[in-house]
Amino acid sequence: MHSAAYYVGAIIISAMFLQASSSDSIVVLYGETIEVPCNNGGELGDPLFIKWKYDEADGSPGAILTKGRDPGDVTIQATNSYKNRASIAANASLLITNATLEDEKTFTCMVVISGDIEEFPVVVKVQKRPSPPLIKDMAAELENGKLTTLGDCLAQDAHPPAEVIWSKNGLPLADDGTATIITTEETKDPATGLSSTSSKLQYTAKKADVDSEFTCTVKHVLGPDQTSEPRTFSIHYPTERVELQVVANGPIKEGDDVTLKCSADGNPPPTSFNFLLQGKMETVVGSDSYTLVGVTRANTGEYECSVADDHTLQDAKNISVNFLDISLDPSGEIVRAVGVSLPVTVQKNSSGDVKDNVKLDTQPNFDNLKYSDAGLYVCEFSTSGIKQSRFFRLAVQGKPNIKTISKTRVDKQHKVLTCEAEGAPKPSVEWSINGTNEESSYENGMLTHRITVVPTGNLTVACRVTNELGMDVKYIDVSYLFEDNDKRKGPGDGDDQAKLIVGIVVGLILAAAVMGLVYWVYMKKTRQGSWKTGEKESGTSEESKKLEENNHKADV
Ligand SMILES: *[C@@H]1O[C@H](CO)[C@@H](O)[C@H](O)[C@H]1NC(C)=O
Ligand SMILES: *[C@@H]1O[C@H](CO)[C@@H](O)[C@H](O)[C@H]1NC(C)=O
Ligand SMILES: *[C@@H]1O[C@H](CO)[C@@H](O)[C@H](O)[C@H]1NC(C)=O
Ligand SMILES: *[C@@H]1O[C@H](CO)[C@@H](O)[C@H](O)[C@H]1NC(C)=O
Ligand SMILES: *[C@@H]1O[C@H](CO)[C@@H](O)[C@H](O)[C@H]1NC(C)=O
Ligand SMILES: *[C@@H]1O[C@H](CO)[C@@H](O)[C@H](O)[C@H]1NC(C)=O
């Protein structure tokens, strides 16, 4: 038992001591064990007696435990929760398990060393990190221009209270009293004393906020910031404008499918539309498109669409369906007799200008069909997006007509006989003499046939040329003896000088016709691809052959 004077002295000394030294302070985590060091862990000497006490809220002292010299001499004095939670370490530190906010007070270690009493007060602070941000009452979507509660962000069970911050695209949002309102509230759990902070964000979205990312961040003295997953919101706004789009690849032509698409600028978009199709109303539900399948020129006209429940929101477009009608006469496979005339006519009807058009002066027109006119004729036309071609394949027929029959001496015994005849289809040739080295060519209705013979006497040899339309025959004398090459027409033919002159005149006329042909070929080549002759495409070779043929005739 100590005397009253002892205690009075101890109190005076401890008061002096407190004035002389500032308190230490420690921070511990909520729920963990508090270790309150005595004299900040410094040397205590050999104390007779150690007492741990604390200051009650009203300033009165509260005893926890005492420890005598003997290591086992520990007395728990506390009658409150410290009775079970408090203990003393060998180095005189006070240990208190399961720290709560109640433990935020000043603990004092009183040490008695041979008559001296020292006190070491320690201020204990308890802190707790909040739980991660929890967002409640999250908006499903936002409405353009309307103040809407976007969400309520909660940071629970913290000490000291946590700070809650809303951010948009990473930048903190501030309350501006009108478009952005942030209401922060702090509550304290009456049992634990821990604080929860809630922050309600009311926000007026704009259309541009459709991509904005909203986050909530919880800041606390303990540990790093905790941020919620970013959230985006769909922004609702009414339709103000509709646009009718005509979906087609390039200019529209007959047979195309044309899709009309009615786009509205609202979000969510309207779900049904009215399409006014050349005066006929079609309502489409659940889609913004209407497809016209296989349009014709009759579909050319005005089209309109509107939002089904608001006819004032509408748009119109004109659709023009291009068409091209071509008729070529003659067409297909045709057969004509040599020498007749063949008029060629093209008729066209189109929605627009027809390009690559055939000009009348370049169009073939046959006054007097020649065998060489046979072939494939193709004409091509185009107008916006449409290309069409037409053709005819001309066959020129006529009965055989032997032009020349001639002979050439090769050596003492052999002579070559040549028979040239026009005619189509290809005629067959028959000689009245047996021969060898038979050679035959047929082009542009001209057949050239050669045989090599060995004359056994003075003979008159016949060349007989036949096709399904008729036959022609001519004769030539072949002598046994050596004689000069000669070229003879058949009997009654070729011995008349007047006829020769006529021949020359005819030749000149034909030459003039060739000039005309050359001009046509030239036109054909300069007007790109208007007309082409498929099977006899090389105008120049055709032309040169003509020239050759006519030269030959002039020679006669
Ligand atoms: C005192 O002892 C306790 C328990 O043995 C130990 O955890 C602590 O670090 C010691 N304190 C000082 C200041 O040495
Ligand atoms: C102290 O904490 C431990 C472990 O967390 C627990 O098992 C025990 O029940 C707590 N005691 C009190 C008194 O709260
Ligand atoms: C469609 O064409 C008609 C006649 O040319 C014209 O009156 C109308 O304004 C046009 N509509 C649109 C939407 O261009
Ligand atoms: C061309 O086609 C249009 C539309 O089919 C038709 O009205 C017009 O009569 C045609 N013109 C001729 C010359 O065929
Ligand atoms: C041609 O030859 C055939 C058989 O080789 C013969 O029968 C025929 O008499 C000959 N004709 C002439 C005109 O020599
Ligand atoms: C063939 O005719 C030539 C003159 O044309 C004559 O000289 C010759 O004698 C004739 N030969 C025969 C075998 O008749």
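Both ligands and their constituent atoms are indexed starting at 1 by order of listing.
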Look at [atom] and say whether a protein heavy atom is found at less than 4.0 angstrom from it.
atom	answer
atom 4 (C) of ligand 3	no
atom 11 (N) of ligand 4	yes
atom 14 (O) of ligand 4	yes

query: Applying the side chain to side chain donor-acceptor pair (under 3.5 Å) test to His159, which of Glu104, Gln127, Lys128 qualifies?
result: Glu104
- line: Asn318 heavy atoms within 4.0 Å reach ligand 3 at atoms 1 (C), 2 (O), 3 (C), 8 (C), 10 (C), 11 (N), 12 (C), 14 (O)
field: Ile319 and its side chain to side chain contact (heavy atoms under 4.5 Å, CB included) partner, picked from Thr300, Leu244, Val246, Leu277
entry: Val246
query: Hey, which of Thr291, Val295, Val247 is the one that makes side chain to side chain contact (heavy atoms under 4.5 Å, CB included) with Asp257?
result: Thr291
Students should be able to answer this: which protein heavy-atom is nearest to [atom], and at what distance?
atom	answer
atom 9 (O) of ligand 1	Glu35 OE1, 4.0 Å
atom 6 (C) of ligand 4	Asn349 ND2, 4.0 Å
atom 2 (O) of ligand 1	Asn91 ND2, 2.4 Å

query: Is the Tyr54 ring parallel, tilted or perpendicular to the Phe107 ring (thresholds 30°, 60°)?
result: tilted
task: May I ask you to decide if the ring planes of Tyr290 and Phe275 are parallel, tilted or perpendicular, using 30° and 60° as cut-offs?
output: tilted
- request: Go through the steps to decide whether Glu254 and Arg297 satisfy the test side-chain contact (heavy atoms from CB on, under 4.5 Å), and finish with yes or no.
  value: CA-CA 6 Å; Glu254 289 195 317; Arg297 60 196 74 177; 2.8 Å; yes
- request: Number the atoms of ligand 1 from 1 as they appear, then name those within less than 4.0 Å of a heavy atom of Ser93, with their elements.
  value: 1 (C), 11 (N)
field: Any N/O pair Asp325/ligand 4 closer than 3.5 Å
entry: no
- request: Using a strict 4.0 Å threshold on nitrogen-to-oxygen distance, state whether Lys188 and Glu186 make a salt bridge.
  value: no
